Number of protein chains: 2
Amino acid sequence: MRVLDIGEVASRSGAAPSTLRYYEEIGLIASLGRHGLRRQFDADVLLKLSLIAMGKAAGFSLDEIAGMFGRDGRPDIPRGQLRLRADELQRQMVELRTLRDVLRHVADCPAPSHLECPTFRKLMQAASHRKLAYRPTNGPRSGRKVASKP
Amino acid sequence: MRVLDIGEVASRSGAAPSTLRYYEEIGLIASLGRHGLRRQFDADVLLKLSLIAMGKAAGFSLDEIAGMFGRDGRPDIPRGQLRLRADELQRQMVELRTLRDVLRHVADCPAPSHLECPTFRKLMQAASHRKLAYRPTNGPRSGRKVASKP
DNA sequence: GCTTGACCTCAAGCTGACTTGAATTCGTAC
DNA sequence: GTACGAATTCAAGTCAGCTTGAGGTCAAGC
């Protein structure tokens, strides 16, 4: 079992030490113990950090990501829920693709002003059916708090 | 020229009145004036709010969005920036797809623990080349401040 | 044995995008 | 003319996800 100290985890994962400390504080990752003052981590933490990075990239909050790990720190989500999440990601992807296409169109459209471009106006029409809603910071949903393990 | 008061703009756009006031405060939208205390808006503001919504969905900050309107209040979006953003959306999509695949795999994988499943590990390997980096709140970049018009 | 440099803790600060609350002011309907 | 409801202002609060800074501690290398 390889043991890494925080500095190494930091440089390998790209996360700042302060971030790792923060993650530990909120119970998202766990350290094995200390060497003097220095936190020591199992090398597995790198894998977990990758998962966390992916989750963040996908728009999940840290709370939600934390909910995806079981008591033993292993990923452990009811399979049905996983499939639901996957489907939601699928939908999100479709939205992103649409948006990407809009942006590309607008970037390449030769009309002097976008308001004069019929394609743009049409896209705007389509978009304006969507309602604005406030979502504090990022992430599709905020729910349970990250629990610090007792 | 249709004139709407703030309540109507709010209900049509889905943005809360407080949000509209906030947008006006930072110079993102402008009101025509008042009827008594009530702000009055040109109906055009709805289009602008749609644009703002799209911009937000695309990951632009309000600052950036504000920068996309010319002096006359018409959208005037730098094409290069749009392409960059589209490319970033592309990358985000790829991440989402990977995560979706991970989730789907995990949902269907019969291995007792995912960490022991070679497929899982391989997917994670692929993902782990990505570095984590802190981006304060949302949006890939924060830049100029929204200027209130003099 | 001393220095060095990376780590530690703890509280506080920051960013963006709003919301909330208290106290107030209107226009309109009765 | 008075009550009502919706809007107003302003300062302060909120949220996530960290970073920063001051002051302290430790293990390893010389």
Side-chain angles (χ1 to χ4, degrees), chain A residues 3-11 13-29 31-41 49 52-53 55-67 131-146 148, chain B residues 3-11 13-29 31-41 49 52-53 55-67 131-146 148:
Chain A
V3 171
L4 307 172
D5 84 22
I6 191 174
E8 203 160 355
V9 174
S11 68
S13 69
S18 64
T19 303
L20 297 173
R21 280 191 286 271
Y22 175 67
Y23 283 0
E24 192 191 18
E25 191 190 330
I26 65 175
L28 196 50
I29 61 177
S31 60
L32 296 173
R34 305 290 181 107
H35 175 59
L37 284 179
R38 287 180 170 86
R39 286 162 176 82
Q40 307 287 119
F41 291 93
L49 286 170
I52 292 171
K56 285 187 8 176
F60 290 101
S61 69
L62 295 185
D63 276 13
E64 290 172 311
I65 293 170
K131 292 281 176 189
L132 303 157
Y134 178 47
R135 279 199 306 202
T137 70
N138 220 341
R141 214 144 257 288
S142 80
R144 72 197 142 313
K145 287 275 160 212
V146 172
S148 52
Chain B
V3 171
L4 307 173
D5 84 20
I6 191 174
E8 202 159 357
V9 174
S11 68
S13 68
S18 63
T19 303
L20 297 173
R21 279 191 286 271
Y22 174 68
Y23 282 2
E24 192 191 18
E25 191 189 331
I26 64 174
L28 197 49
I29 60 176
S31 60
L32 296 173
R34 305 291 181 107
H35 175 58
L37 284 179
R38 289 179 169 83
R39 284 163 177 81
Q40 307 287 120
F41 291 94
L49 286 171
I52 292 171
K56 285 187 9 175
F60 290 101
S61 69
L62 295 186
D63 276 12
E64 289 171 310
I65 294 170
K131 292 283 178 186
L132 303 158
Y134 177 47
R135 280 199 306 203
T137 70
N138 221 341
R141 215 144 258 287
S142 77
R144 72 194 145 313
K145 288 276 162 210
V146 171
S148 53

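Throughout, a chain's letter reflects where its sequence line sits, starting with A, and its residues are numbered from 1. Here the structure is a predicted model, which is why all the values come from computation and not from measurement.
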Fill in: Earlier contact from the 5' end, DNA chain D, for His35(A) and Ser18(A)
Ser18(A)
Worksheet item: Between Leu49(B) (CG) and dA17(C) (P), how many Å, whole number?
Response: 15 Å
Discussion item. Holding to side-chain hydrogen bond (donor to acceptor under 3.5 Å, both in side chains), I want the full list of residues that pass it with Gln40(B), two or more places apart in sequence or in another chain.
Written reply: none
Worksheet item: What is the distance, rounded to the nearest whole Å, between atom CD1 of Ile26(A) and atom C1' of dG17(D)?
Response: 8 Å
Fill in: Close side-chain approach of Val9(B) and Leu49(B), heavy atoms under 4.5 Å
yes
Worksheet item: Is the distance from OP1 or OP2 of dG17(D) to the nearest side-chain N or O of Tyr23(A) less than 4.0 Å?
Response: no
Worksheet item: What is the minimum heavy-atom distance between Ala16(A) and Ala10(A), and which atoms define it?
Response: C-CB, 4.5 Å
Worksheet item: What's the CD-P distance between Gln40(A) and dA6(C), to the nearest Å?
Response: 16 Å
Discussion item. Could you tell me how far apart Ile29(A) (CD1) and dG17(D) (C1') are, to the nearest whole angstrom?
Written reply: 14 Å
Item to complete: Evaluate the side-chain proximity of Tyr23(A) to Ile65(A): yes if any heavy-atom separation is below 4.5 Å, no if none is.
Response: no
Worksheet item: Starting at CG of Leu4(A) and ending at P of dA6(C), how long is that distance when rounded to a whole Å?
Response: 18 Å
Worksheet item: Nearest of dC18(C), dG27(C), dC18(D) to any side-chain atom of Tyr22(B)?
Response: dC18(C)
Response to the item:
Taken to the nearest 0.5 Å, the spacing of Leu62(A) CG from Leu28(A) CG works out to 6.0 Å
Interface polar pairs with nucleotides 21-23 of chain D, N/O, under 3.5 angstrom:
none

Worksheet item: dG17(D) phosphate, OP1 or OP2: any side-chain N/O from Thr19(A) under 4.0 angstrom?
Response: no
Item to complete: Measure from CG on Asp63(A) to P on dC18(D) and round the result to the nearest Å.
Response: 12 Å
Response to the item:
By side chain to side chain contact (heavy atoms under 4.5 Å, CB included), Arg39(B) pairs with (sequence neighbours left out) Ile6(B), Arg21(B), Glu24(B), Ser31(B), Arg34(B), Phe41(B)
Between the protein and nucleotides 4-13 of chain D, are there any N/O to N/O pairs under 3.5 Å, and if so, what are the atom names and distances?
{"unit_1": "dT8(D)", "atom_1": "OP1", "unit_2": "Arg39(B)", "atom_2": "N", "d": "2.9"}
{"unit_1": "dT8(D)", "atom_1": "OP1", "unit_2": "Arg39(B)", "atom_2": "NH1", "d": "2.9"}
{"unit_1": "dT8(D)", "atom_1": "OP2", "unit_2": "Arg21(B)", "atom_2": "NH1", "d": "2.2"}
{"unit_1": "dT8(D)", "atom_1": "O5'", "unit_2": "Arg39(B)", "atom_2": "NH1", "d": "3.4"}
{"unit_1": "dT8(D)", "atom_1": "O3'", "unit_2": "Arg34(B)", "atom_2": "NH1", "d": "3.3"}
{"unit_1": "dT9(D)", "atom_1": "OP1", "unit_2": "Arg34(B)", "atom_2": "NH2", "d": "2.8"}
{"unit_1": "dT9(D)", "atom_1": "OP1", "unit_2": "Arg39(B)", "atom_2": "NH2", "d": "3.3"}
{"unit_1": "dT9(D)", "atom_1": "OP2", "unit_2": "Arg39(B)", "atom_2": "NH1", "d": "3.0"}
{"unit_1": "dT9(D)", "atom_1": "OP2", "unit_2": "Arg39(B)", "atom_2": "NH2", "d": "2.8"}

Item to complete: Please test Ile26(A) against Asp63(A) for side chain to side chain contact (heavy atoms under 4.5 Å, CB included), starting from the C-alpha separation and ending with a verdict.
Response: CA-CA 9 Å; Ile26(A) 65 175; Asp63(A) 276 13; 6.0 Å; no
Worksheet entry | Whole angstrom value for the distance that separates P of dG17(D) from CG of Leu28(A) | 10 Å
Discussion item. Using only atom types and a distance under 3.5 Å, with no angle test, would you say the side chain of Glu8(B) pairs donor to acceptor with the backbone of Asp5(B)?
Written reply: no
Worksheet item: CD of Glu24(B) versus C1' of dA17(C): gap in Å, rounded?
Response: 17 Å
